[in-house]
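Being a predicted model, the structure only gives us computed values, none of them experimental.
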Amino acid sequence: QVQLVESGGGLVQTGESLRLSCTASGSTADINVMGWYRQGPGKEREMVARIINGANTVYADSVKGRSTISRDNAKSTVYLQMNSLKPEDTAVYYCYASKPWGRPFEFWGQGTQVTVSS
């Protein structure tokens, strides 16, 4: 089992930056993918960024160029640095992790609120 705990959310103004953190605990050795998803008011959950094997990354077009995902493998912690924040970034951000052949194989954090004021 894996437990994910997010931190770093809060209220910021347009144009400011924020760094989200997610620390995994439990059976973390086989985690190969970690990432961030978000769900804004009245919207479906969407992928923000993912990092595979601590190296390869993929970003949603809406955050590409102003966000960076990274992972500290030793600590099983994933970060999302978000710059030039926009009101459209307002959402609950959820940490995600997966393990190949795991049971279960996907894990989610409880979420951290990010609010960007206009």
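Hydrophobic clustering (ILVMFWY, side-chain heavy atoms < 4.5 Å, transitive): Ile51 and Val63 are in one cluster. By the criterion of side-chain heavy atoms lying less than 4.5 angstrom apart, applied directly or through intervening Ile, Leu, Val, Met, Phe, Trp or Tyr residues, Met47 is not grouped with Leu20; the two fall into different hydrophobic clusters.
Contact of the Tyr93 side chain with the Val48 side chain is registered, since non-hydrogen atoms from C-beta on lie closer than 4.5 Å. Contact check for Lys99 versus Val2: side-chain heavy atoms found under the 4.5 Å cut-off. Within the 4.5 Å cutoff, the side chain of Leu85 has heavy atoms near those of the Leu18 side chain. Side-chain contact check for Ile31 versus Phe107: every heavy-atom pair is 4.5 Å or farther apart. Residues Ile69 and Val78 meet the side-chain proximity criterion, which asks for heavy atoms closer than 4.5 Å.
A salt bridge links Lys64 with Asp61; the closest basic N to acidic carboxylate O contact falls under 4.0 Å.
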Apply side-chain contact (heavy atoms from CB on, under 4.5 Å) to residues Glu46 and Arg38 and explain how you reach the verdict.
CA-CA 6 Å; Glu46 64 176 348; Arg38 69 185 181 187; 2.7 Å; yes
For Ser17 and Asn83, what are the C-alpha separation, side-chain angles and deciding distance, and is it a side-chain hydrogen bond (donor to acceptor under 3.5 Å, both in side chains)?
CA-CA 4 Å; Ser17 299; Asn83 302 320; 2.9 Å; yes
side-chain contact (heavy atoms from CB on, under 4.5 Å) for Tyr96 and Glu106? Distances and angles first, verdict last.
CA-CA 7 Å; Tyr96 166 88; Glu106 291 186 335; 3.1 Å; yes
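The main-chain N or O of Ser67 is never found under 3.5 Å from a side-chain atom of Gln81 such that the two would form a donor-acceptor pair. A donor-acceptor distance shorter than 3.5 angstrom exists from the side chain of Thr14 to the backbone of Ser117, with no hydrogens or angles considered. No donor-acceptor pair under 3.5 Å is formed between the side chain of Thr77 and the backbone N or O of Thr23. With Glu6 contributing its side chain and Gly111 its backbone, the two residues share a donor-acceptor pair below 3.5 Å. With hydrogens and angles disregarded, a donor-acceptor distance shorter than 3.5 Å links the side chain of Arg66 to the backbone of Ser84.
In Gln113, the CD atom is crowded: over 12 heavy atoms of neighbouring residues, nucleotides or ligands sit closer than 6.0 Å.
A ring-centre distance under 6.0 Å is not found for Tyr37 and Tyr94.
Nearest heavy-atom pair, Thr28 versus Ser76, reported as atom, atom and distance to 0.1 Å: OG1-OG, 3.3 Å. Between Arg103 and Gln1, the shortest heavy-atom contact is O-NE2, 4.0 Å. Val116 approaches Thr90 most closely through the heavy-atom pair N-OG1, 2.9 Å. The two residues Cys22 and Leu4 come nearest to each other via the heavy atoms SG-CB, 3.9 Å.
Met34 CE to Asn32 CG: the interatomic distance, rounded to the nearest 0.5 Å, is 10.5 Å. The line from CG of Leu80 to CH2 of Trp36 is 6.5 Å long, rounded to the nearest 0.5 Å. Atom OG of residue Ser98 and atom CZ of residue Phe105 lie 8.5 Å apart, to the nearest 0.5 angstrom. Note that CD of Glu88 is 7.0 Å distant from NZ of Lys43, once rounded to the nearest 0.5 Å.
With 3.5 Å as the limit, one finds no donor-acceptor pair spanning the side chains of Ser7 and Arg19.
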